Amino acid sequence: MKLYNTFTNQKEEFKPVEDGKVKFYVCGPTVYNYIHIGNARAFIVNDVLRRFFEFSGYEVNYILNITDIDDKIINQAVTEKVDVGEITKKYSAAFFEDIKNLNIKPATHNPRATEHIEEIIALIESLVEQGFAYESKGDVLFDISKFDDYGKLSGKNLDDLRAGARVAIDEKKNNPLDFVLWKKQKPGEPAWASPWGKGRPGWHIECSAMSMKYLGDTFDIHAGGIDLAFPHHENEIAQSECASKNKFVKYWLHNGFLKIDGDKMSKSLGNFRTVKDILESYSYSAIRTFFLQKHYRSPIDLTSDGLQAAKSASIKLNIFYKNLCQAITGFESDLEIIETASFSEKDAEYLTNIKQLRIEFVNALNDDMNTPTAISKLFEIVRHGNQLLTNEPLSENQKLLGKLTQKYIEDFDLVFGILDAKGKEFDSGLVGDLMEVLMEMRSDLRTKKEWALSDKIRDSLGGMGIVLEDKEGVTTWRKK
Ligand code: AMP
Ligand code: ZN
């Protein structure tokens, strides 16, 4: 399997630290608000990679942390006029709810920064003792002049960084690029006792301490959005490697941004849509399909058309899967006999095709998680499968092929997580199909300014508990 390592700027063969195991750390959310669909991209693409490792037979130790102490959290507590603890409780619960609703598998551990203060302090002490960090007026800072490899991950040139940082001179720092490991308490802020007085940890050191605690000094994968490469991950490397004297991470993986109207979706720009909001109109299946249709490192634009297309694709898949299951209900046969069965020419061709597609699916994922190609293989199987179902009622041999198709789709889904097991939105595939037809008709009516008729459709559906929403020229529907 090959993965693109940001550290070396190339695809590399994946060789785990320990045979058969993957030690995987993902930078989790800072819990001061609901996560947006851009954040969700980071959690979905890493969930899919983790699932693919498991599909390939690895045992994965998957750590996704919660940053529950930070300036932004403190500010939000002031805004909402509640304690910091209430903010982190509320938004971490919302986070877990969101990722569950996105069909993201639970992590092995979700360490919280505030529950690892002891480990964080020990790590800072080790850096101070070894001369890589210094105390300054109650803060502790990392001295970047002591780490020659600084800038290597993000490809930043230290001289350029120094020139840029000179503007923002900070009297506490020996060098403008030095970053904070421990912050002295300001009045009213939460704080913990430490050898440098009361204070709280900086963001970067939290991830170093928690990742090394759960995964060891050297681990396989550290991932997050590309915005984290600098300074967050750069600083993590500096701290961790200076403290342990070992290589910190073998493969640094970064996902591209979800953009909206050309800008990065972000809380600070205010151009975000929360996961909760999007889940009102789109199933997790549609949302995951939307992300999987693009390579994880490419930027994606969030558009209604893109989401709608993903929704149609996921409905198509789920309807096919349901029909397939129905067509082979009660068919009990060992799949092994497929190798010795004598098929008609057409059925034999079907078998060759889907076997080939399964191989291509695995090959695509082994090539730096090429999910757009891998998912296109799934949809080719659906296309062949729909063809097979036109023979209904199926012959025994065709049921055998149907059963293999079902197994392949379920295998693919171990990685993609886009089958709707509960049949939520697809409780009847027909409903989804009929709704698509109705919405298309209504859209035509609106184009022709036939408002009365178009409103009649909306009102009638409203009476049945179905809400239509017109946004940016696209209509979506959901159950009330
Ligand atoms: P934050 O809570 O801001 O630290 O973000 C949590 C995760 O989401 C990090 O891995 C970020 O890099 C990632 N992220 C934030 N915004 C976006 C975006 N617009 N597109 C993709 N990933 C993002
Ligand atoms: Zn982190």
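Since the model is a prediction, treat every value here as computed from it, not as a measurement. Counting starts at 1 for both ligands and their atoms, following the listed order. One-based numbering along the sequence shown.
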Plane angle bin for [Y] and [X] - parallel if under 30°, tilted between 30 and 60°, otherwise perpendicular:
X	Y	answer
Phe14	Tyr251	tilted
His116	Tyr214	perpendicular
Phe412	Phe416	perpendicular
Phe179	Phe142	parallel

What residue and atom, counting heavy atoms only, is the protein's closest point to [atom], and at what distance?
atom	result
atom 20 (N) of ligand 1	Leu258 N, 2.7 Å
atom 21 (C) of ligand 1	Gly38 O, 3.2 Å
atom 10 (O) of ligand 1	Gly225 N, 3.0 Å
atom 19 (N) of ligand 1	Met265 O, 2.8 Å
atom 5 (O) of ligand 1	Asn39 ND2, 3.2 Å

- prompt: Which angle, to 10 degrees, forms at the Zn ion (ligand 2) with SG of Cys27 on one side and SG of Cys207 on the other?
  reply: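 With the Zn ion (ligand 2) as the vertex, the angle is close to 130°.
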Which atoms of ligand 1 sit under 4.0 Å from any heavy atom of [X]?
X	answer
Thr30	2 (O)
Gly224	10 (O)
Asp227	11 (C), 12 (O)
Asn255	21 (C), 22 (N)

query: For atom 9 (C) of ligand 1, which candidate among Ile226, Leu228, Asn46, Asp70 provides the closest heavy atom?
result: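 Among Ile226, Leu228, Asn46, Asp70, the closest heavy atom to atom 9 (C) of ligand 1 belongs to Leu228.
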Out of curiosity, is [X] lining ligand 1, as in a heavy atom under 4.0 Å away?
X	value
Ser266	no
Gly256	yes
His36	yes

- prompt: Counting backbone and side-chain atoms alike, does His232 have an N/O/S atom under 2.8 Å from the Zn ion (ligand 2)?
  reply: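 For His232, the answer is yes, given that an N, O or S atom comes within less than 2.8 Å of the Zn ion (ligand 2).
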- prompt: Any donor and acceptor pair, going by atom type alone, linking the side chain of Asp220 with main-chain N or O of Val17 inside 3.5 Å?
  reply: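 The answer is yes, because a donor-acceptor pair under 3.5 Å joins these two groups.
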Side-chain donor or acceptor of Asn246 paired with backbone N/O of Thr218 under 3.5 Å: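 Answer holds: no.
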May I ask you to establish whether [X] and [Y] are in a cation-pi arrangement, using a distance under 6.0 Å from NZ or CZ to the six-membered ring centre and at most 45° from the ring axis?
X	Y	answer
Lys146	Phe132	no
Lys264	Phe257	yes
Arg297	Tyr4	yes

query: Are side-chain N/O atoms of Ser285 and Asp420 paired as donor and acceptor at under 3.5 Å?
result: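 No, no side-chain donor-acceptor pair sits under 3.5 Å.
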